[in-house]
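Letters A, B, ... mirror the listed sequences (proteins, then strands); counts begin at 1.
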Amino acid sequence: MKRLLKPIKDVGIVGYGAYIPMYRIKDEEIGRVWGANGFPIQEKSVPGIDEDAATIAIEAARNALKRAKINPQEIRAIWTGTESKPYAVKPTSTIVAQAIGATPDLDAADFEFACKAGTEAVQTAIGFVGSRMAKYAMAIGVDTAQGRPGDHLEFTAAAGGAAYIIGEKSDETVAYFEGSYSYVTDTPDFWRRQHEHYPRHGNRFTGEPAYFRHVINAAKGLMEELGYTPNDFDYAVFHQPNVKFPLTAAKILGFPMEKVKPGLLSGIIGNTYAGATLVGISAVLDIAKPGERILWVSFGSGAGSDAFSIVVQDAIEEKRDLAPKTWDYINRKKYIDYALYAKHRRKYII
Amino acid sequence: MPAMQVSRYWRHFKEKYRLAGTKCKKCGKIHFPPRQVCNECGSREMEEIQLSGKGKVVSWTIVRNPPSGFEYYKPYPLALVELEEGPIVLAQLTDVSEDEIDFGMEVEMVTRRIREFSEDGIILYGYKFRPVLKTSKD
């Protein structure tokens, strides 16, 4: 039984763009307030007071447009995957569409599947374009993730995102999709109920039956369907809730550290949730050479993983300099203390 | 926010979200905010143009006692920015500290949250300016 997801027409990435807010807080500083030590990452990104999932998505989308060099009026869908929608009811994608000048001839919706929502949007865009329903579709993964103050998650929950414009494979695409595969089960490892501010998680239950089971099976399933082994890939980007999990998954699958490192940013920007693998892939595309193959595996609690195999094309050389690179945003940083962080995260009632 | 006010803001989303201006087809003058009649030659033949969002700080102040809906953002810089196409825009600066702002500082437009009226009201988004992002190409 064929498990590989592949559209009738080959599709690729016409343009991509990332955005990471400039503020950072060190885990050490969070630990100072809550009396903790031994941290999962070094530091994480914090949104500015005037930033949210919509504004981050807008800048990422503008960067993707610069690289795609297309008229935004040709985009027939914008889908934003996020669990930090500015509105509980009212789409984020319409705000993005309006801000980049893509309205009104398009479809728009927000996707939710914890940290996997961004790659859900990518899967859908592949089908939309690959069936020739539309010429271009934009998929965005973005979050301004919140952890309950003092909870483990507060040390990693970060902000950032990336946008991908999907189009039919051509000389204009910077990379094309060889195929994708999704692996989903009902596993309640992390959730947030309606009207709750913060998510709850199953502590150690989030590891083995959740992250590892889905990431490993998705990666294996895709490689089996395509007839590849880790040796066939030049890079691998795994969902990165911390640094340990993706490195362990890589080890289990047989990927050496050097293939994982370029797309592993969680140690210095934190877990950008639905944005995490999309930002990791953008960092890899910023340096990859034509012909190189990348394995891309997301994970979303609840739970599931999407796996993609993409091959970099010649157009990357000409297009990567048309917009700021992922590291331009990582290098632009300003440290804040916990008091300012609390203001940025709107913890004060005034 | 009363529902009546939503339409007042919605009408200006194009200029607020992405700095869409107008250009006089007759004399070429560029306007922001958009105008229906050219204030240079009086022509009504206008076309919509997308402004680049690049500009320079002409002058600025720091707002420490903001009006309602802006309280959480204080203190924040408010500046006159001369766009490279000519118009001068009054806007907030963002991602910058007070001591970094200077006359002639090069800035670029970003779309950010501008104002919120209450927990259950709409969120207004619009243009702000930040120091031009340094990239590895520079």
Hey, what do you get for OG1 (Thr111(B)) to CD1 (Ile58(A)), rounding to the nearest 0.5 Å? 5.0 Å
Residues of residues 61-78 of chain A within contact distance of chain B, non-hydrogen under 4.5 Å: Arg62(A)
CD of Gln36(B): more than 12 outside heavy atoms within 6.0 angstrom? no
Just wondering, are more than 12 heavy atoms of other shown residues or ligands nearer than 6.0 Å to NZ in Lys85(A)? yes
Measure the spacing between CG of Asp95(B) and CD of Glu51(A) and express it to the nearest 0.5 Å. 5.5 Å
Interatomic distance, OG@Ser136(B) vs CG@Asn331(A), rounded to 0.5 Å, equals 8.5 Å
So which of Arg18(B), Arg112(B), Arg130(B) has the largest heavy-atom pair count under 4.5 angstrom toward chain A? Arg112(B)
Arg64(B): which residues meet the side-chain contact (heavy atoms from CB on, under 4.5 Å) condition with it, sequence neighbours left out? Ile62(B), Pro75(B), Glu98(B)
Do the side chains of Lys128(B) and Asp50(A) get close enough for a salt bridge, i.e. N-O under 4.0 angstrom? yes
Given a strict heavy-atom distance threshold of 4.5 Å, which part of Ile95(A) is in contact with chain B: side chain, backbone, both, or neither? both
Yes or no on side-chain contact (heavy atoms from CB on, under 4.5 Å) for Leu133(B) and Tyr329(A), after CA distance, side-chain angles and deciding distance? CA-CA 8 Å; Leu133(B) 186 81; Tyr329(A) 288 111; 3.7 Å; yes
Tell me, side chain or backbone of Gln98(A) under 4.5 Å from chain B's heavy atoms, or both, or neither? both
Ser97(B) and Lys334(A), any side-chain heavy atoms less than 4.5 Å apart: yes
Using a 6.0 Å cut-off, check whether atom NZ of Lys56(B) has over 12 heavy atoms from anything other than its own residue. no
Taking atom CD of Glu84(B) as the centre, does the number of heavy atoms from other residues, nucleotides or ligands within less than 6.0 Å exceed 12? yes
Taking Tyr125(B) for the side chain and Ala99(A) for the main chain, is one N or O donor matched with an acceptor at less than 3.5 Å? no
Whether over 12 other heavy atoms sit under 6.0 Å from Lys26(A) NZ: yes
Kindly check if the number of other-residue, nucleotide or ligand heavy atoms within 6.0 Å of CG (Asn65(B)) is above 12? no
Does NZ in Lys261(A) sit with more than 12 non-hydrogen atoms of other residues, nucleotides or ligands closer than 6.0 Å? no
Between Tyr76(B) and Ile49(A), is the side-chain contact (heavy atoms from CB on, under 4.5 Å) condition met? List the steps. CA-CA 11 Å; Tyr76(B) 57 85; Ile49(A) 294 173; over 6 Å; no
Which residues pass the side-chain hydrogen bond (donor to acceptor under 3.5 Å, both in side chains) test with Arg113(B), not counting sequence neighbours? Asp52(A), Glu116(B)
Rounded to the nearest 0.5 angstrom, the CZ-OG1 distance for Phe13(B) and Thr103(A) is 11.0 Å
Mind checking which of residues 336-350 of chain A sit less than 4.5 Å from chain B, heavy atom to heavy atom? Ala342(A), Lys343(A), Arg346(A), Lys347(A), Tyr348(A), Ile350(A)
